[in-house]
Structure formats: C-alpha cells, structure tokens
Amino acid sequence: QVQLVESGGGLVQAGGSLRLSCADSGRTFSLYTMGWFRQAPGKEREFVAVISRNGANTNVAASVKGRFTISRGNAKNTVYLQMNTLKPEDTAVYYCAARVSAVVSTIPSSYEYWGQGTQVTVSS
C-alpha cells in the first residue's frame, strides 16, 4: 500500500526557493514512477514534473523548466521537488503522485496514488 505525505510548502517571496518532499510509508517505493502536479484555485490540476523508478529519466513542464528539479532517494522512500526562482504564478497546492507503470506520464488520471497536497504561496 502506498501512502504519500508531502511537506515543505509555505509562503515565499518571488525569486525565492522551496524544496518539497514526498515520503512514502510503504515498502515498494522504488517500484513506482513518481510525479508532481499542482492545482491553482479555479484551474485544473496540471503536470509539473515526473521521475522514473530508478531516477534516470525525468521530465518537467515547460513552465518550470530551468527552475524546478525533481529527484528521488529510494533508500529514503522520498521524492523531492526543488523549486528555484519562484514566481507568483507558481502559487498552487502541490501534489505528489505514484504510478505503477514504468512509463513516465504527464497525465494526472494515469496515477493511482496521491498525497494530500501542500500549499505553496509566492508573494510578489
């Protein structure tokens, strides 16, 4: 059973940085493709970043490329999202998600397990 818990969100000024963490309490973390998504008020949930099971393959959304980095530590059952040069438009609830398939995906509905989300607010 996968249980995902996000942490690291908060309030930051534009240009600042945050690192989000998502920990899995289960024993099979390394078997899952992991993704980060975000949802702003009144908007649909959107893809942010994805990382393959062994961390060798990553992909980030065009809107965050060059600013956000996804990584994982399978020994710690944790996936990270390093967010630099934050902008007010990055304000959203950020969710981590786990996907059984080894194929990386940017589609939210293709992920079977989700965390509860963590709020990120970027002030101008």
Side-chain angles (χ1 to χ4, degrees):
Q1 183 70 18
V2 178
Q3 291 185 321
L4 304 173
V5 178
E6 300 98 335
S7 61
L11 174 63
V12 64
Q13 289 188 333
S17 298
L18 284 174
R19 188 174 83 154
L20 304 183
S21 299
C22 172
D24 172 29
S25 60
R27 300 181 179 181
T28 57
F29 179 77
S30 63
L31 300 181
Y32 294 93
T33 299
M34 298 300 297
W36 284 99
F37 296 82
R38 66 186 182 186
Q39 188 165 18
K43 295 188 177 181
E44 293 187 352
R45 192 167 297 189
E46 66 173 1
F47 165 76
V48 176
V50 61
I51 189 165
S52 61
R53 290 171 173 175
N54 64 1
N57 185 14
T58 63
N59 186 21
V60 297
S63 60
V64 305
K65 196 168 187 177
R67 300 188 297 121
F68 290 13
T69 303
I70 187 171
S71 61
R72 68 190 296 164
N74 284 346
K76 295 185 176 181
N77 285 6
T78 303
V79 61
Y80 307 96
L81 185 68
Q82 178 66 45
M83 305 186 296
N84 298 329
T85 319
L86 283 160
K87 304 176 181 180
E89 50 264 43
D90 295 319
T91 295
V93 177
Y94 283 70
Y95 299 89
C96 72
R99 169 174 162 84
V100 174
S101 172
V103 178
V104 296
S105 172
T106 65
I107 303 172
S109 61
S110 69
Y111 287 75
E112 291 88 358
Y113 303 98
W114 290 83
Q116 82 289 349
T118 186
Q119 177 71 46
V120 171
T121 303
V122 184
S123 62
S124 58

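Both backbone and side-chain heavy atoms feed into the values below; hydrogens, waters and symmetry mates do not.
Among residues two or more places apart in sequence or in another chain, the side chain to side chain contact (heavy atoms under 4.5 Å, CB included) test is passed with Arg45 by Phe37, Gln39, Tyr95, Trp114. A search for side chain to side chain donor-acceptor pair (under 3.5 Å) contacts involving Thr121 returns Gln119, not counting sequence neighbours. Under the side chain to side chain donor-acceptor pair (under 3.5 Å) criterion, Tyr94 pairs with Arg38, sequence neighbours left out. Looking at residues two or more places apart in sequence or on another chain, you find a side chain to side chain contact (heavy atoms under 4.5 Å, CB included) between Leu31 and Thr28. Residues meeting the side chain to side chain donor-acceptor pair (under 3.5 Å) test with Thr78, sequence neighbours left out: none. Listed by chain and residue number, nothing satisfies the side chain to side chain contact (heavy atoms under 4.5 Å, CB included) test with Glu44 (two or more places apart in sequence, or in another chain). Every residue meeting the side chain to side chain contact (heavy atoms under 4.5 Å, CB included) condition with Ser71, not counting sequence neighbours, appears here in chain and number order: Tyr80.
Sorted by first then second residue, the salt bridge (charged side-chain N to carboxylate O under 4.0 Å, His left out) pairs that include residues 67-79, not counting sequence neighbours, are Arg67-Asp90. Sequence neighbours left out, not one pair with a member in residues 25-62 passes disulfide bond (SG atoms under 2.5 Å apart). Identified under the salt bridge (charged side-chain N to carboxylate O under 4.0 Å, His left out) test for residues 110-124, with sequence neighbours left out: none.
A donor-acceptor pair under 3.5 Å is absent between the side-chain atoms of Arg27 and the main chain of Gln1, judged by distance alone.
Atom CH2 in Trp36 sits 14.5 Å away from atom CD in Glu46 (nearest 0.5 Å). In this structure, CG in Asn77 is found 7.5 Å from OG in Ser30, a value given to the nearest 0.5 Å. Distance NZ/Lys87 to OG/Ser124: 14.0 Å, rounded to 0.5 Å. Distance CG/Leu81 to CE/Met34: 11.5 Å, rounded to 0.5 Å.
A 4.5 Å side-chain heavy-atom check between Glu6 and Gln116 finds at least one atom pair inside the cut-off. At least one side-chain heavy atom of Tyr32 sits less than 4.5 Å from a side-chain heavy atom of Tyr113. Side-chain contact between Ile51 and Thr33 is absent, with no heavy-atom pair separated by less than 4.5 Å. Within the 4.5 Å cutoff, side-chain heavy atoms of Arg99 are placed close to those of Ser110.
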Side chain to side chain contact (heavy atoms under 4.5 Å, CB included) between Ile107 and Phe47, worked out
CA-CA 7 Å; Ile107 303 172; Phe47 165 76; over 6 Å; no
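Considering all non-hydrogen atoms of both residues, Tyr111 and Gly35 come closest at CE2-N, 3.7 Å. Heavy atoms only, all atoms of each residue included: Leu4 and Cys96 are closest at CB-SG, 3.7 Å. Smallest separation of non-hydrogen atoms from Gly73 and Phe29: O-CE2, 4.2 Å.
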Return all side-chain donor-acceptor pairs below 3.5 angstrom for residues 56-64, not counting sequence neighbours, or 'none' if the list is empty.
none

Identify every side-chain donor-acceptor pair in residues 14-24 under 3.5 Å, counting partners at least two apart or on other chains, and give the distances.
{"from": "Ser17", "atom 1": "OG", "to": "Asn84", "atom 2": "OD1", "distance (Å)": "3.0"}
{"from": "Asp24", "atom 1": "OD1", "to": "Gln3", "atom 2": "N", "distance (Å)": "3.1"}
{"from": "Asp24", "atom 1": "OD1", "to": "Gly26", "atom 2": "N", "distance (Å)": "2.9"}

